[in-house]
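In this text the structure is predicted, and so the values were computed from the model without any measurement.
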Amino acid sequence: IVTIVDEIPTMPGDVNDDSAIDNKDYALLMQYLNGWSVQIVSENADVNGDRAIDNKDYALLMQYLNGWDVELK
């Protein structure tokens with residue numbers, strides 16, 4: 001039996017796809033941006049919704065984890 005998924009749900013900020021947004025995601029995103037060979041969920045890593053994974057996402061995720069009033073997209 002083959003199941004076709006029309007749309008995979010995303011959770012912005014959940015870079016490692018473990019259903020939580022925490023420091024593990026922050027560390028993994030840092031490793032990715034520094035060129036390490038790590039696996040990320042790119043749809044979740046683009047937390048500002050600009051279709052790029054960069055330092056802007058890293059900064060926004062840090063702000064979110066530190067309780068700032070920011071929105072992950």
Side-chain angles (χ1 to χ4, degrees):
I1 296 174
V2 176
T3 303
I4 298 173
V5 178
D6 291 326
E7 187 174 318
I8 298 171
T10 60
M11 185 177 181
D14 185 14
V15 180
N16 62 358
D17 200 29
D18 67 352
S19 299
I21 302 171
D22 52 27
N23 286 331
K24 293 176 188 176
D25 299 295
Y26 183 68
L28 187 61
L29 184 55
M30 178 190 63
Q31 292 169 347
Y32 173 81
L33 292 172
N34 283 306
W36 292 31
S37 180
V38 294
Q39 291 184 344
I40 65 168
V41 178
S42 59
E43 295 85 5
N44 293 347
D46 177 21
V47 296
N48 65 357
D50 68 355
R51 297 184 181 237
I53 301 170
D54 54 26
N55 287 331
K56 293 176 187 175
D57 299 297
Y58 182 70
L60 188 59
L61 184 56
M62 182 229 20
Q63 292 169 350
Y64 177 84
L65 290 170
N66 283 296
W68 292 31
D69 185 22
V70 296
E71 181 181 348
L72 305 181
K73 300 181 180 190

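Of the possible polar contacts, none joining the Asn23 side chain to the Tyr26 backbone as a donor-acceptor pair under 3.5 Å is found.
Distance check: Leu72 CG to Asn48 CG gives 9.5 Å after rounding to the nearest 0.5 Å. Note that CE of Met62 and CE of Met30 are 13.0 Å apart. Values are rounded to the nearest 0.5 Å.
By the 4.5 Å heavy-atom criterion applied to side chains, Asp50 and Asp54 are counted as neighbours. Annotation: side chain of Val47 is not in contact with side chain of Ile53 (no heavy-atom distance under 4.5 Å). Side-chain atoms of Asp17 and Asn44, non-hydrogen and from C-beta on, do get closer than 4.5 Å to each other.
Across Arg51 and Asp46, no two heavy atoms sit closer than the pair N-OD2, 2.8 Å. Scanning all heavy atoms of the two residues, the minimum distance from Leu29 to Ala45 falls at CD1-CB, 4.2 Å.
Here Ala27 pairs with nothing under the side chain to side chain contact (heavy atoms under 4.5 Å, CB included) rule; sequence neighbours left out. In this view, Asp22 and Asp18, Ala20, Lys24, Asp25 satisfy the side chain to side chain contact (heavy atoms under 4.5 Å, CB included) rule, not counting sequence neighbours. Looking at residues two or more places apart in sequence or on another chain, you find no side-chain hydrogen bond (donor to acceptor under 3.5 Å, both in side chains) involving Tyr64.
With hydrophobic clusters built from ILVMFWY side chains whose heavy atoms lie under 4.5 angstrom apart, Val41 does not share a cluster with Leu60.
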